[in-house]
A.B. asks: 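Here you go, one structure.
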Amino acid sequence: MRTRRQNLNIKQESSVKLEDVEDVKQESFHFNGNVFTDYQEMVDAKRKRNQDMLVSTGLLDACSSIRNNVKVEATVTSNRGLKADRKRKPESNLLRRKSSRLSGVKTPMLSVEHESGGRFKINIGDELKVVEIGSSAYMTEETEPQYFNNRVNDGTELTIKNAVKFSNPKWLKNNSVESAQKFVNEVLQQTCNITPVLSKERCSPITVAMDIGKGNRKGKDTSKSGLSSQLDCLSADSETFVAKVVPERIFSVALHPSPHKIIAVAGDKRGHIGFWDTAADSTSSTDGVHLFKPHGGCVTHLEWNKSGTKMLSASYDGGLRIFDLHKEKFNEIFATYDDSEEFKAKPGYGLDQGYRYWVQYACMADKNEDSLYLSTSAGSVLHVDLRSKAKVTFNEVFSNKKINTVSLHPNGHTLATAGNERMLQLWDIRKVQSKFTKKSTPKCSPVSTQIATGSINSAFFSPSGKYLLSTNLGDKIDILSDAHLESGHIKKPTHSIRHDNHTGRWLSTFMARWHPSITNEELFVVGSMQHPRTMEIFDGNQGKLLRGIQGNAISNVVSRCCFHSSSEKLIVMGGTSSGRVVVAQ
DNA sequence: CTGGTTATTAAGGCG
DNA sequence: CGCCTTCCATAACCAG
């Protein structure tokens with residue numbers, strides 16, 4: 001908006017200037033019906049008009065009062081969690097990129113030949129010498145990725161020990177491997193051995209009190225219902241609610257389903273996955289944080305299975321892994337490869353199209369780790385069924401542009417895709433599947449579509465299947481009711497909530513996400529650009545904001561959020577672009 | 001119509 | 001504290 005206005009101003013100015021140039025010849029200047037012989041006089045008159053306008057409309061006062069009120073208190077960044085070990089920082093061979101232009105260095109014939117994953121190949125002058133520069137602080141001069149797409153290994157099994165060791169050494173300690181091993185054995189495994197009590201008490205659902213959607217939450221005593229009091233209680237005020245869990249920007253978050261322990265997981269830009277046992281002994285040096293690096297690129301999705309024994313991780317590097325806490329491995333279950341001869345035996349052979357092709361998103365179909373849906377930057381959607389012989393049961397182009405998320409309706413056959421083509425599309429998977437097996441049928445088309453005014457960051461079906469929730473760059477959060485029953489063009493969302501989704505390129509995009517439990521009220525959580533930094537909880541039925549969580553623990557924009565699966569206690573987590581995780585409970 | 005350019009965004013690191 | 005870098009984003013705009 002500001003940009004547009006600025007551009008407009010520039011345009012107006014420049015057009016005025018052109019007129020002025022004309023006027024110079026006649027040596028008179030026109031403004032507002034008056035003629036000026038002196039250019040400066042005309043400019044002054046114009047400035048006075050503008051100033052009067054600002055004063056008379058009260059804009060100046062409003063601006064200064066807003067500025068005073070909005071003045072953000074400097075937040076103290078938490079020191080909990082991962083701590084950098086300066087001694088371990090690689091010293092001399094560290095190459096940091098510096099701007100030659102800004103430091104006034106004359107450039108020879110420089111050209112960037114190729115850039116990928118932060119690695120540059122630069123041609124210098126006539127020699128065409130290829131230089132690679134590691135952009136990441138810990139990357140040394142060793143260059144060519146050892147494995148396809150910079151993956152951490154060739155797809156063979158990945159032990160806890162190695163997963164820890166692949167992490168950026170700057171954030172590791174001497175005992176990191178042992179403490180991670182201990183965490184898996186003593187915390188994760190034991191938590192999972194206790195039978196969940198969730199299902200038993202699910203029959204007493206908490207209900208939404210109708211009076212809490214009215215903005216400020218004053219009627220505390222009138223609403224005694226479980227949910228509203230829980231919403232009120234949610235707090236992010238304590239320093240113990242935040243920790244640095246991964247070194248870099250968080251792309252994905254997940255909470256372990258155990259009702260006994262709150263274990264938060266976050267995936268970052270470089271392929272790290274950090275676990276945080278929020279109840280860990282505060283005397284421990286890492287505050288219960290354990291770092292692994294099973295991937296070579298952004299970890300775009302993390303998802304636990306129902307029992308909490310396995311966790312799927314998906315990455316831009318094209319690899320999908322399952323962290324199995326009993327096997328104690330981060331094993332690759334599927335990975336894309338190009339059509340090089342050496343990969344012929346791999347199930348993902350020939351999928352990778354090289355330049356600008358990557359796996360954007362992957363998720364389980366109904367928490368089943370054998371059935372996975374993937375979306376790619378090229379607009380294709382794949383279904384990977386590990387039980388089938390071919391593994392890839394379809395690979396179909398659904399869009400001309402990148403698809404950001406896929407979501408399967410609980411009915412098992414309606415798939416929602418959303419992406420940069422500004423379209424939300426619903427597909428009948430059964431038809432796509434049959435098209436893939438019998439190659440005769442024509443191009444498959446979506447059952448229904450909804451057009452958005454900007455790229456769509458995400459679209460998810462609610463756990464009950466009633467709603468479809470999408471977050472788009474037209475600054476809207478849209479809720480569609482019974483979208484899976486629609487056909488053709490969906491004209492209007494049931495609720496359309498204005499929401500600033502303009503995160504820019506340094507922050508992960510917002511994706512509003514549902515509470516995973518099926519209850520009467522369907523809640524969703526989303527990050528926000530608001531000051532002070534906020535996590536927002538909405539009521540999906542009403543499309544209304546129920547609670548904005550703020551507090552000392554939230555010192556950055558929380559880009560990615562999720563709920564704990566417990567239907568008894570509300571627990572929300574969020575991840576920021578500095579690798580910090582907030583848990584509000 | 002399309003390929004190229006630029007503004008925008010937040011936060012950590014470094015001097 | 002102030003400046004610089006980050007960079008697998010998007011959108012709007014502009015030139016060819």
Side-chain angles (χ1 to χ4, degrees), chain A residues 1-11 14 72 74-79 82 84 86 89 94-104 112 114-120 133-138 149-150 170-171 244 246-251 268-271 295-300 314-318 336 352-361 375-378 400-404 419-422 452-457 471-475 500-511 527-533 554-559 575-580:
Chain A
M1 182 120 148
R2 201 194 298 158
T3 326
R4 192 177 285 174
R5 193 164 293 164
Q6 278 174 348
N7 288 344
L8 209 65
N9 284 343
I10 290 164
K11 265 189 193 164
S14 62
V72 186
T75 45
V76 184
T77 310
S78 163
N79 213 16
L82 293 178
R86 300 207 169 174
K89 218 171 169 180
L94 186 151
L95 286 172
R96 200 183 163 77
R97 289 171 62 198
K98 290 236 162 129
S99 163
S100 302
R101 180 179 59 84
L102 292 171
S103 48
V112 175
H114 177 66
E115 189 256 312
S116 166
R119 283 184 307 282
F120 286 71
I133 302 174
S135 74
S136 156
Y138 60 95
N149 261 355
N150 199 28
K170 184 178 158 187
W171 304 96
K244 192 174 173 85
V246 282
E248 298 197 51
R249 184 171 132 192
I250 290 178
F251 273 74
D268 85 349
K269 197 179 70 176
R270 297 257 165 227
H295 290 285
C298 301
V299 181
T300 52
S315 168
Y316 279 176
D317 71 11
T336 57
D352 193 292
Q353 294 155 27
Y355 187 56
R356 292 196 179 171
Y357 179 98
W358 65 87
V359 174
Q360 175 68 26
Y361 185 82
S375 76
T376 71
S377 60
N400 292 317
K401 293 188 174 159
K402 191 176 83 177
I403 292 180
N404 286 320
N420 289 17
E421 217 180 4
R422 305 179 174 197
T453 52
S455 287
I456 308 178
N457 292 342
T471 312
N472 67 51
L473 285 183
D475 281 346
D500 180 9
N501 295 327
H502 218 85
T503 46
R505 63 174 176 163
W506 316 127
L507 300 184
S508 302
T509 53
F510 292 146
M511 291 182 171
S528 165
M529 298 297 280
Q530 259 180 43
H531 282 285
R533 302 312 188 190
I554 312 181
S555 60
N556 305 76
V557 172
V558 181
S559 297
T576 75
S577 74
S578 60
R580 260 168 266 268

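Chain letters run A, B, ... following the sequence lines, proteins first and then strands; every chain starts at 1.
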A.B. asks: For Gly454(A), report the nucleic acid contact type (base, sugar-phosphate, nothing); a contact means any heavy atom under 4.0 Å.
C.D. replies: sugar-phosphate
A.B. asks: Below 4.5 Å, heavy atoms only, C-beta onward: do Met529(A) and Val557(A) meet side chain to side chain?
C.D. replies: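 Side chain of Met529(A) against side chain of Val557(A), heavy atoms only: contact under 4.5 Å found.
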A.B. asks: Suppose you measure atom P in dA12(C) against the same atom in dT9(B); what distance do you get, rounded to whole Å?
C.D. replies: 15 Å
A.B. asks: Among all residues two or more places apart in sequence or in another chain, which pass the side-chain hydrogen bond (donor to acceptor under 3.5 Å, both in side chains) test with Thr336(A)?
C.D. replies: Arg151(A)
A.B. asks: Counting just side-chain N and O atoms, does Asn556(A) come under 4.0 Å of either OP1 or OP2 of dA11(B)?
C.D. replies: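 Answer is yes, contact under 4.0 Å.
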A.B. asks: Would you say a side-chain N or O of Arg580(A) is under 4.0 Å from OP1 or OP2 of dA10(B)?
C.D. replies: no
A.B. asks: With a 4.0 Å cutoff (strictly under), does any side-chain N or O of Tyr316(A) reach OP1 or OP2 of dA9(C)?
C.D. replies: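 Looking at the OP1 and OP2 atoms of dA9(C), one of them is under 4.0 Å from a side-chain N or O of Tyr316(A).
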A.B. asks: Whole Å only: how far is the CD atom of Glu248(A) from the C1' atom of dG13(B)?
C.D. replies: 12 Å
A.B. asks: Given atom CZ of Arg505(A) and atom C1' of dA7(B), what is their separation to the nearest angstrom?
C.D. replies: 10 Å
A.B. asks: How many Å lie between CD1 on Ile403(A) and P on dT10(C), as a whole number?
C.D. replies: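 In whole Å, dT10(C) P lies 13 Å from Ile403(A) CD1.
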A.B. asks: Within this structure, what is the CG-to-P distance between Asn404(A) and dA9(C), rounded to whole angstrom?
C.D. replies: 8 Å
A.B. asks: For Cys298(A) and Thr453(A), take the nucleotide of DNA chain C holding the closest heavy atom to each; which residue's nucleotide lies nearer the 5' end?
C.D. replies: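 Nearest-nucleotide comparison on DNA chain C picks Cys298(A).
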A.B. asks: If you check the Leu507(A) side chain, which of dT8(B), dA10(B), dG13(B) turns out closest?
C.D. replies: dA10(B)
A.B. asks: How close or far is atom P of dT8(B) from atom CG of Asp500(A), stated in whole angstroms?
C.D. replies: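 Nearest whole value for this atom pair: 15 Å.
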A.B. asks: Measure from the ring centre of Trp358(A) to the centre of the six-membered ring in the base of dC8(C), then say whether that distance is under 5.5 Å and the planes meet at under 30°.
C.D. replies: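 No.
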A.B. asks: Can you tell me how far the CG atom of Asn457(A) sits from the CG atom of Leu473(A), to the nearest 0.5 Å?
C.D. replies: 4.5 Å
A.B. asks: Please give, in whole Å, the distance from dA11(B) P to Asp268(A) CG?
C.D. replies: 17 Å
A.B. asks: Check every atom of dT10(C), dT6(C), dG12(B) against the side chain of Ser578(A) and return the nucleotide holding the closest atom.
C.D. replies: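 Looking only at side-chain atoms, Ser578(A) lies closest to dG12(B).
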A.B. asks: Looking only at side-chain N and O atoms, does Ser455(A) come under 4.0 Å of OP1 or OP2 in dA11(C)?
C.D. replies: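 Checking dA11(C) against Ser455(A), a side-chain N or O does come within under 4.0 Å of OP1 or OP2.
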A.B. asks: By nearest atom, which of the nucleotides dG12(B), dT6(C), dA9(C) is closest to the Lys402(A) side chain?
C.D. replies: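 Selected nucleotide (nearest to the side chain): dA9(C).
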A.B. asks: With a 4.0 Å limit, can you tell me whether Arg422(A) has a side-chain N or O closer than that to the phosphate oxygens OP1/OP2 of dA11(C)?
C.D. replies: yes
A.B. asks: Kindly write out the residues that satisfy ring pair (Phe, Tyr, Trp, His ring centres under 6.0 Å) with Tyr361(A), not counting sequence neighbours, or none if the list is empty.
C.D. replies: His301(A)
A.B. asks: Do you know the tightest heavy-atom contact between Ser508(A) and Thr503(A)?
C.D. replies: O-CG2, 3.7 Å
A.B. asks: Round to the nearest Å and state the distance from Gln360(A) atom CD to dA9(C) atom C1'.
C.D. replies: 10 Å
A.B. asks: Closer to the 5' end of DNA chain C via nearest nucleotide, is it His502(A) or Arg249(A)?
C.D. replies: Arg249(A)
A.B. asks: Whole Å only: how far is the CG atom of Asn400(A) from the P atom of dT10(C)?
C.D. replies: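 Atom-to-atom, Asn400(A) to dT10(C), this comes out as 15 Å.
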A.B. asks: Using 0.5 Å steps for rounding, measure from the CG atom of Asn501(A) to the OG atom of Ser528(A).
C.D. replies: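 So the CG of Asn501(A) and the OG of Ser528(A) are separated by 9.0 Å.
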A.B. asks: Between dA9(C) and Asn420(A), is there an OP1 or OP2 to side-chain N/O distance shorter than 4.0 Å?
C.D. replies: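 Checking dA9(C) against Asn420(A), no side-chain N or O comes under 4.0 Å of OP1 or OP2.
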A.B. asks: Give Ser577(A) one of three labels, base, sugar-phosphate or nothing, depending on what nucleic acid heavy atoms sit under 4.0 Å from its own.
C.D. replies: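 Sugar-phosphate contact only - Ser577(A) comes under 4.0 Å of backbone atoms but never of a base.
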